[in-house]
Amino acid sequence: MQILDGIKLAKEIKQEIKELVQNYKDQGVRVPHLGAILVGENGASQTYVDNKIKDCHFVGFESSELRLPTTISQDELIAEIVKWNNDDTLDGFIVQLPLPKHIDQEAVINAIDPNKDVDGFHPTNFGKMALEMDTFLPATPYGIMEMLERYNIPTAGKHTVVIGRSRIVGRPMSILMSKNGNPGNSTVTLTHSKTENLEHYTKSADIVITALGVPGFLKAEMIKEGAVIVDVGITRVDDATSPRGFKLAGDVDFDNVKEKAAWITPVPGGVGPMTRAMLLKNTLLAYNRKK
């Protein structure tokens, strides 16, 4: 078993971006600029946005942050998004999810200029991805594709099983793994909560990508010997032995599954750092498009 080390890989990618940005500075041109809009006081969301800002500082990007109260109306939020759409100094921005319940997530995503949608969630960008056109890929699937490529994991002709069909991970992952290219050219089975006898599919899979959010769901007896396991799930689980009172757990029963897998991502330290690195790559794409 070998570890697909997202921390190590993300550091390498950020260093590559940092060197590119230094070249821009040396040429006397402006650097890429990434923004983040955060609504409310969700602790996990605040941490994600803080980390994204740290990443920007490390690679040399300019960063902007707009924090808005939970009570903001949908119209007021969209008005702020329109301002950022029209700001020529801003290459790309994200609206951190989840949003408060009184705000329609779809309306907000649709309000973002597709050319600045570095999360890759806008229907225009999703459609371009499905058609294998150049576009912003959703950051988590993009990170997984980058990981498979850089670790030279064969995907052509392999059977990939994706567990979960969310628009953020599962569905785009199934599209990307079946695309014509490397990584890609897989035969993909997309499974979900209504799939009967899910174990039947995972046992035949060469690659399993799970984004279910159920700690320890994927057991050793559900995979075949030598499979590649990518764990997107991350859930806080109570743990009295931890100073924080909880630990982070993935969808995979890691300790047992690792005995059968050829490659596996840890949680934390696998897919998560790659997601943040790909947000930077998408911002770089937006910047170069404008140039």
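Scope of the values below: all heavy atoms of this structure, side chains included, with no hydrogens, waters or symmetry mates.
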Within 6.0 Å of [atom1] in [X], more than 12 heavy atoms from elsewhere:
| X | atom1 | result |
| --- | --- | --- |
| Glu41 | CD | no |
| Lys260 | NZ | yes |
| Tyr48 | OH | no |

With rounding to the nearest 0.5 angstrom, report the [atom1] to [atom2] distance, [X] to [Y].
| X | Y | atom1 | atom2 | value |
| --- | --- | --- | --- | --- |
| Ile229 | Leu4 | CD1 | CG | 10.0 Å |
| Ile53 | Ser64 | CD1 | OG | 9.0 Å |
| Glu146 | Leu148 | CD | CG | 10.0 Å |

Requested in this report: Verify whether one side chain among Asn125 and Thr135 offers a donor that lies under 3.5 Å from an acceptor in the other.
Outcome: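 The answer is yes; a qualifying pair exists.
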Tell me whether [X] contacts the main-chain N or O of [Y] through its side chain, where contact means a donor paired with an acceptor under 3.5 Å.
| X | Y | answer |
| --- | --- | --- |
| Asp239 | Gly245 | no |
| Asp91 | His33 | yes |
| His122 | Pro114 | no |

Quick one, [X] and [Y] - any side-chain contact, counting heavy atoms below 4.5 Å?
| X | Y | value |
| --- | --- | --- |
| Arg171 | His192 | no |
| Met177 | Ile209 | yes |
| Val188 | Val162 | yes |
| Tyr287 | Arg30 | yes |
| Met145 | Met173 | yes |
| Ile144 | Val271 | yes |
| Leu77 | Gln74 | no |
| Asp206 | Lys224 | yes |

Please report the shortest heavy-atom distance between [X] and [Y], naming the atom on each side.
| X | Y | value |
| --- | --- | --- |
| Arg150 | Lys281 | NH2-NZ, 4.3 Å |
| Leu248 | Phe246 | CD2-CE1, 4.1 Å |
| Arg167 | Phe121 | NH2-O, 2.8 Å |
| Met129 | Pro172 | CE-CB, 3.7 Å |

Hydrophobic clustering (ILVMFWY, side-chain heavy atoms < 4.5 Å, transitive) - are [Y] and [X] grouped together?
| X | Y | value |
| --- | --- | --- |
| Phe254 | Ile163 | yes |
| Ile112 | Met278 | yes |
| Ile13 | Tyr24 | yes |

Query raised in the report: Can you name the one residue among Leu66, Thr71, Thr70 that meets side chain to side chain contact (heavy atoms under 4.5 Å, CB included) with Leu68?
Result: Leu66
**Report entry** Option from Gln15, Lys14, Lys8 for which side chain to side chain donor-acceptor pair (under 3.5 Å) with Glu12 holds
**Finding:**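 Among Gln15, Lys14, Lys8, the one that satisfies the side chain to side chain donor-acceptor pair (under 3.5 Å) with Glu12 is Lys8.
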Report task. Considering only NZ, NE, NH1 and NH2 on the basic side and carboxylate oxygens on the acidic side, decide whether Asp5 and Lys11 come within less than 4.0 Å. Result ->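 A salt bridge is absent here (no side-chain N lies under 4.0 Å from a carboxylate O).
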**Report entry** Asp50/Arg276 salt bridge by N-O under 4.0 Å criterion
**Finding:**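 So Arg276 does not pair with Asp50 through a salt bridge.
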Requested in this report: Could you walk me through whether Asp26 and Gln22 pass the side-chain hydrogen bond (donor to acceptor under 3.5 Å, both in side chains) test, one step at a time?
Outcome: CA-CA 6 Å; Asp26 293 343; Gln22 188 57 52; 3.0 Å; yes
Query raised in the report: For the residue pair Trp84 and Phe93, does the interplanar ring angle fall in the parallel (under 30°), tilted (30 to 60°) or perpendicular (over 60°) class?
Result: perpendicular
